[in-house]
Undergrad: 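Below is the structure I would like to discuss, written out as structure tokens.
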Amino acid sequence: MKILFPFVGDSVGGSHISTLELYLSLIDANVSAYIILHEDTGPLSKYLHIRNIPFYVLNSSKLAGEDPRKLFIIIGILTNFFRFSRFIKMHKIDIVHGNDLRINLSWSLPAKIFSKGFVWHQRTLLSSSKIWVLIQFLCSYFIAISDVVMQSAPKGISVYKKKTVYNPFNINLTIDKKLAREYTAKEYGIQHGSFLLGYVGRIVDYKNVDFILKSLSNIRYKDVHLLIVGSGEEDYINELKLYADTLGIKDRVTFTGFVNNPSAVITSLDVLIASSQIDAFGRTIVEAMLQKTPVIAAKSGGHIDIIQDGINGLFYNVEVVNDLSEKISFIYNNAIFRGEVVSEAYLFAKNKFSSDSHLSKIIHIYNLVNEN
């Protein structure tokens with residue numbers, strides 16, 4: 001069985017990390033797996049080079065879905081159809097596993113036309129557009145990364161062709177918290193003894209980083225410092241920096257930019273804040289749980305599949321600015337509660353999100369696809 005993972009290549013996010021975790025698990029299990037990038041000069045190619053993961057390059061300038069208009073989607077599919085079909089035939093691919101909307105739209109038809117399996121892995125919430133009814137015809141199997149994503153899927157997909165499979169994590173990765181904290185403090189000039197909050201992820205407006213900044217300005221403890229870890233558009237990041245300055249908290253906020261090993265930063269935090277209201281899952285939440293870092297998350301999206309409020313983390317109400325600042329203050333003042341939460345969270349994450357469990361479920365799906 002040969003599995004192909006195509007990627008656009010223009011970004012590195014949680015979906016890529018999860019898919020690469022699966023790819024490496026397949027290689028370890030002696031399953032033939034291949035990676036294609038359609039852009040070989042972007043951040044994903046650099047990430048793969050750093051990790052010594054081999055990949056093919058199949059340059060393409062017009063993937064379906066880059067322009068959401070229906071005509072341009074059709075043009076994108078037709079532009080790449082024969083090139084993608086040739087690759088499938090040349091390398092005798094059995095299943096194409098898509099993890100991005102542009103990939104799913106561009107690769108599903110070539111795979112289906114040549115009687116190969118296509119796994120549509122949905123990692124974001126689908127809109128209410130009627131066009132998604134086509135998914136049931138384009139894929140051999142539909143995977144959702146959370147129950148909330150599955151609820152957004154078109155109802156016409158057969159129950160025998162869809163499943164919720166949570167993202168995989170290396171549950172054996174342990175990072176020394178003391179060393180991680182010393183590294184983070186030295187790297188970013190954090191004052192010794194600071195209570196360290198962190199946001200880790202892409203810096204875009206829908207992640208609500210500005211909400212965290214506003215909440216920080218309402219916290220009276222001046223030793224609370226915020227790390228904002230990730231990359232984004234320079235203009236938007238500058239807006240956030242100006243906003244922090246306007247709020248009078250500029251000296252209590254550090255923008256780190258992109259980091260190659262966010263797990264080490266997550267380990268060093270006193271609290272991770274997951275502020276997006278539309279995340280389909282919340283990878284950094286599970287990473288924090290596995291590194292015994294407390295989590296405060298917006299009560300929305302895929303966060304609901306992970307957090308049990310007051311047991312393995314805390315929710316805050318996104319409609320109330322003071323709610324987040326009050327939850328931070330509560331964690332700040334309750335070391336015993338912090339210890340209880342991280343213990344519950346660690347056991348929960350370790351039992352539910354192991355790479356071995358994920359691999360077993362995915363291989364079962366691959367076998368079902370191959371049989372049909």
Side-chain angles (χ1 to χ4, degrees), residues 13-15 18 123-127 144-152 164 166-167 195-219 224 226-230 232 236-237 239-240 243-244 247 249 253 255 262 265-266 269-291 293-332 334 337-338 341-342 344-345 348-349 352-353:
S15 63
S18 296
R123 297 182 176 277
T124 59
L125 296 171
L126 286 163
S127 69
I145 65 168
S146 65
D147 293 335
V148 71
V149 170
M150 184 61 80
Q151 290 166 14
S152 74
T164 296
Y166 295 118
N167 286 336
F195 188 85
L196 200 53
L197 309 177
Y199 163 84
V200 180
R202 285 189 297 161
I203 303 177
V204 289
D205 57 358
Y206 66 82
K207 294 288 188 176
N208 297 322
V209 177
D210 55 337
F211 189 92
I212 304 176
L213 293 172
K214 178 61 177 175
S215 298
L216 177 61
S217 71
N218 292 327
I219 295 173
V224 176
L226 173 64
L227 276 182
I228 298 176
V229 182
Y236 181 62
I237 292 174
E239 283 182 27
L240 291 175
Y243 185 49
L247 292 170
I249 57 171
V253 180
F255 290 80
V265 179
I266 289 172
L269 300 174
D270 291 295
V271 178
L272 175 82
I273 300 175
S275 54
S276 174
Q277 296 182 50
I278 60 172
D279 272 357
F281 183 67
R283 183 174 183 86
T284 57
I285 294 176
V286 179
E287 289 177 341
M289 288 177 165
L290 290 169
Q291 299 306 324
T293 296
V295 176
I296 304 176
K299 189 176 183 180
S300 59
H303 298 173
I304 297 171
D305 285 358
I306 309 171
I307 296 287
Q308 297 167 283
D309 194 26
I311 298 174
N312 63 6
L314 287 175
F315 280 132
Y316 69 88
N317 187 339
V318 297
E319 303 297 330
V320 182
V321 171
N322 286 339
D323 198 30
L324 175 55
S325 56
E326 287 174 3
K327 294 294 170 57
I328 293 170
S329 297
F330 176 77
I331 287 280
Y332 177 96
N334 289 275
F337 178 77
R338 291 202 304 269
V341 163
V342 297
E344 288 289 339
F348 171 82
K352 194 159 187 174
F353 301 112

Undergrad: Tell me whether Tyr316 contacts the main-chain N or O of Glu319 through its side chain, where contact means a donor paired with an acceptor under 3.5 Å.
TA: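 Not confirmed, Tyr316 side chain does not pair with Glu319 backbone.
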
Undergrad: Mark yes or no for whether Asp305, through its side chain, and Ser146, through its backbone, hold a donor-acceptor pair below 3.5 Å.
TA: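 No; judged by distance alone, with no hydrogens or angles, the pair does not exist.
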
Undergrad: Salt bridge check, Lys214 against Asp210: does any charged N sit closer than 4.0 Å to a carboxylate O?
TA: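 A salt bridge is absent here (no side-chain N lies under 4.0 Å from a carboxylate O).
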
Undergrad: Are Arg283 and Val200 close enough that some pair of their side-chain heavy atoms sits under 4.5 Å apart?
TA: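 When only atoms from C-beta onward are counted, Val200 and Arg283 do not touch, as no gap falls below 4.5 Å.
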
Undergrad: What distance do Thr164 atom OG1 and Gln151 atom CD have between them, rounded to the nearest 0.5 Å?
TA: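 The CD atom of Gln151 is 8.5 Å from OG1 of Thr164, to the nearest 0.5 Å.
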
Undergrad: Looking only at heavy atoms, which two atoms of Ala280 and Val149 are closest? And how far apart?
TA: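 Result for this residue pair: CB-CG2, 3.3 Å.
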
Undergrad: Say you draw a straight line from CG of Asp309 to CD1 of Ile296; how long is it, rounded to the nearest 0.5 Å?
TA: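 If I round to the nearest 0.5 Å, the distance is 10.5 Å.
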
Undergrad: Show the numbers, then the answer: is there a side chain to side chain contact (heavy atoms under 4.5 Å, CB included) between Val148 and Ile304?
TA: CA-CA 8 Å; Val148 71; Ile304 297 171; over 6 Å; no

Undergrad: Could you check whether Asn312 and Gln308, counting side-chain N and O atoms only, form a donor-acceptor pair closer than 3.5 Å?
TA: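 The criterion, which ignores hydrogens and geometry beyond distance, is satisfied for Asn312 and Gln308.
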
Undergrad: Side chain of Ser18, backbone of Ser15: donor and acceptor closer than 3.5 Å?
TA: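 Not a single qualifying donor-acceptor pair exists.
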
Undergrad: Locate the shortest heavy-atom distance separating Tyr243 from Leu213; write the atom from each residue and the value.
TA: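 Answer, listing the atom of Tyr243 first, then Leu213: CD2-CD1, 3.9 Å.
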
Undergrad: Please give me the minimum heavy-atom distance between Ile331 and Phe195, naming the atom from each residue.
TA: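 Smallest heavy-atom distance, with atoms named: CG2-CZ, 3.9 Å.
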
Undergrad: Looking at every non-hydrogen atom in both residues, tell me the closest pair between Leu272 and Thr284 and how far apart they are.
TA: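 Shortest heavy-atom contact: CD2-O, 3.3 Å.
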
Undergrad: Which atom pair, heavy atoms only, marks the closest approach of Ser215 to Ser325?
TA: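 Closest pair (atom of Ser215, atom of Ser325, distance): O-CB, 3.4 Å.
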
Undergrad: Test side chain to side chain contact (heavy atoms under 4.5 Å, CB included) on Phe330 and Leu314 and set out the steps.
TA: CA-CA 10 Å; Phe330 176 77; Leu314 287 175; 4.2 Å; yes

Undergrad: Can you measure from CE (Met150) to CG (Leu126) and round to the nearest 0.5 angstrom?
TA: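 Spacing of CE (Met150) from CG (Leu126) equals 10.5 Å.
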
Undergrad: Between Thr293 and Ile266, is there a donor-acceptor pair closer than 3.5 Å when you use the side chain of the first and the backbone of the second?
TA: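 Such a contact is found between Thr293 side chain and Ile266 backbone.
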
Undergrad: Please work out whether the ring planes of Phe281 and Tyr166 are parallel, tilted or perpendicular, with thresholds of 30° and 60°.
TA: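 It falls in the tilted class, 30° to 60°.
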
Undergrad: Ile328 vs Leu324, test: side chain to side chain contact (heavy atoms under 4.5 Å, CB included). Steps then yes/no.
TA: CA-CA 6 Å; Ile328 293 170; Leu324 175 55; 4.0 Å; yes

Undergrad: For Asn322, does its backbone N or O pair with a side-chain atom of Asn218 as donor and acceptor, under 3.5 Å?
TA: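 Looks like no, no N/O pair under 3.5 Å.
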
Undergrad: Evaluate the side chain to side chain contact (heavy atoms under 4.5 Å, CB included) criterion for residues Ile306 and Phe348: first the C-alpha distance (whole Å), next the side-chain angles of each, then the deciding distance (0.1 Å), finally the verdict.
TA: CA-CA 9 Å; Ile306 309 171; Phe348 171 82; 4.0 Å; yes

Undergrad: Quick one: are Asn334 and Arg338 in side-chain contact, heavy atoms under 4.5 Å?
TA: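 No, side chains not in contact.
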
Undergrad: When rounded to the nearest 0.5 angstrom, what is the spacing between CZ in Phe211 and CG in Asp323?
TA: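 These two atoms lie 7.5 Å from each other.
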
Undergrad: Would you name the heavy atoms of Ile203 and Leu240 that are closest together and state the gap between them?
TA: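 Closest approach of Ile203 to Leu240: CG2-CD1, 3.5 Å.
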
Undergrad: So, taking the atom named CD1 in Ile219 and the one named CG in Leu197, what distance separates them when rounded to the nearest 0.5 Å?
TA: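 So the gap between those two atoms works out to 6.0 Å.
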
Undergrad: Please determine which of Arg123, Lys299, Lys207 meets the salt bridge (charged side-chain N to carboxylate O under 4.0 Å, His left out) test together with Asp279.
TA: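 Per the salt bridge (charged side-chain N to carboxylate O under 4.0 Å, His left out) rule, the option paired with Asp279 is Lys207, out of Arg123, Lys299, Lys207.
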
Undergrad: Return the OG to CD1 distance between Ser217 and Ile212, rounded to the nearest 0.5 Å.
TA: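 Reported to 0.5 Å precision, the distance equals 12.5 Å.
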
